[in-house]
Participant: 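Let me give you the structure first, and then I'll get to my questions.
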Amino acid sequence: MKVLNQKGTLRGEIRVPGDKSISHRSIMFGSLAQGRTEVSGFLTSADCLATMDCFRRMGVHIEEDPADPTHLFIDGNGLRGLSPETDPVTLYSGNSGTTTRILSGILAAQRFTSVIGGDDSVNSRPMKRIMDPLSRMGAEIESIKGNNCAPLQIRGRQLKGIVYESPVASAQVKSAIMCAGLYADGPTTVIEPVRSRDHSERMLRAFGAVVEDQIDPQTGRNTVTVQPCRELHAHAVTVPGDISSAAYFIAAGLIVPGSEILIRGVGINPTRDGILRVAANMGADITILNRSNTEEPYADLLVKSSSLHGCEIGGAVIPSLIDELPVIAVMAAAAEGTTVIRDAAELRVKESDRIDAVVSNLQAMGVNVTAREDGMVIEGGSALQGAKIRTYNDHRIAMSFAVAALIAQGDTVLDEEGCVNISYPAFFGDLEKLIANRSSIDLQRSNKANKSRRMQLLT
Ligand code: S3P
């Protein structure tokens, strides 16, 4: 349980931890490459550590810099060199859907048998979306409980290349198929209805794989083709700050009056920057500074509090902000007017049902909000009341409502706060520091004011 009762302006500079999606992939591709991959800016959160542990169990040597745990060295085993402690090997993916799904694509092509599963949340999320295409490639993949969920038993097989039309825009599904495709006997193509995050495409190319992707300008459909690969080659990975973690400070900076925050080194890959586009539509004052021109682009974001207005959020932008929608809903509650979120049914199968979680918690805070099958309608502009928040053990729900608490009257109580360890272990400390900056600035100001008052009295 955590009581949130600090209010007021947020000021100062912050650097958020490394991108979760890119950190997972750095371990996966570094482990499968030949040679030593150096990773800087790695996210040392529970999800990424679960991926690291899985590869260590399959014989990969991963060394952490004792002076800086975000700096790693991975001695890759090569594409066909994974050597598990036991056969079958049991792999634990914790709360991480990304680990479970992408790793399944790799395991489908190995010469050993694996069982992969995680906590209750992961084990209730849909896996048919990867079981179907991987089975079509020739994998033997079975849901142990027969419910199309993890734990999955995967017997590695020689795979064949396929053309797969995915019904969902999911980077986890796309990446699982792409990873399996590295081992296939011919090219593998995934077509998705809208382009999802393209970190696998970028990183696999950097590791030497042949990957082509193209968006159909008429339909917006994205086609990605990966060629069979003999070997990946080690490549240094610099992980930018996670825009999904920066999102909480973007939202807080915008909705708390008088705030000004500089967020350093945030990944702004165009398949992830939807929150910036939606915030601009809502009237946000965000300046993008010092853009890099790197494999994964990043920039500094200067966020100033703004009068927001509601907007419509749907269509092709959804995959680029899917993880940010809970905190965007909080922004919408603080904005004037109505916000409609649609085409986001995927929110129902995340770490929790994020439509129900957001709607019920916003309602508890006094917001007029209604759930829809694929999103929600939020009437913004009324004062938020502190409330008891159910996080459903979902890190993004906990952090989103910690932001809502900043503008609520009275105390807000999270039923559980440890879940932030999934993606952002230092979240509460970082938030408090920004509030503390405000206090020290205000303190300096009031000290100055007191001093000048004293001077007036003396003269
Ligand atoms: C991720 C893809 C997204 C996202 C998740 C991370 C990834 O999931 O929600 O947090 O790293 O590929 P989907 O692929 O299910 O949309």
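Bear in mind that the values here come from a model prediction, so they are computed numbers and not experimental data. In listed order, ligands and their atoms are each counted from 1.
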Participant: Please list every donor-acceptor pair under 3.5 Å in which a side-chain atom of residues 181-188 meets a protein atom from a residue at least two apart or in another chain.
Facilitator:
{"from": "Y183", "atom 1": "OH", "to": "L79", "atom 2": "O", "distance (Å)": "2.7"}
{"from": "Y183", "atom 1": "OH", "to": "Q110", "atom 2": "NE2", "distance (Å)": "3.1"}
{"from": "D185", "atom 1": "OD1", "to": "G161", "atom 2": "N", "distance (Å)": "3.0"}

Participant: Taking the side chain as every heavy atom from C-beta outward, state whether S45 and P425 have any pair of such atoms under 4.5 Å apart.
Facilitator: yes
Participant: Got a salt bridge between E140 and R155, using NZ or NE/NH1/NH2 to carboxylate O under 4.0 Å?
Facilitator: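 Here E140 pairs with R155 in a salt bridge, since their nearest N and O are under 4.0 Å apart.
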Participant: Would you please say whether a donor-acceptor pair under 3.5 Å links the side chains of E231 and H233?
Facilitator: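 E231 vs H233: no donor-acceptor pair found between side chains.
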Participant: Between Y424 and F427, how do the two ring planes meet: parallel, tilted or perpendicular, split at 30° and 60°?
Facilitator: perpendicular
Participant: Name the residues with a heavy atom less than 4.0 Å from ligand 1?
Facilitator: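 If the criterion is a heavy atom under 4.0 Å, then ligand 1 touches K20, S21, R25, T98, R101, S170, A171, Q172, R197, I322, D323, K350.
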Participant: Between D53 and R56, does any side-chain N to carboxylate O distance fall below 4.0 Å?
Facilitator: no
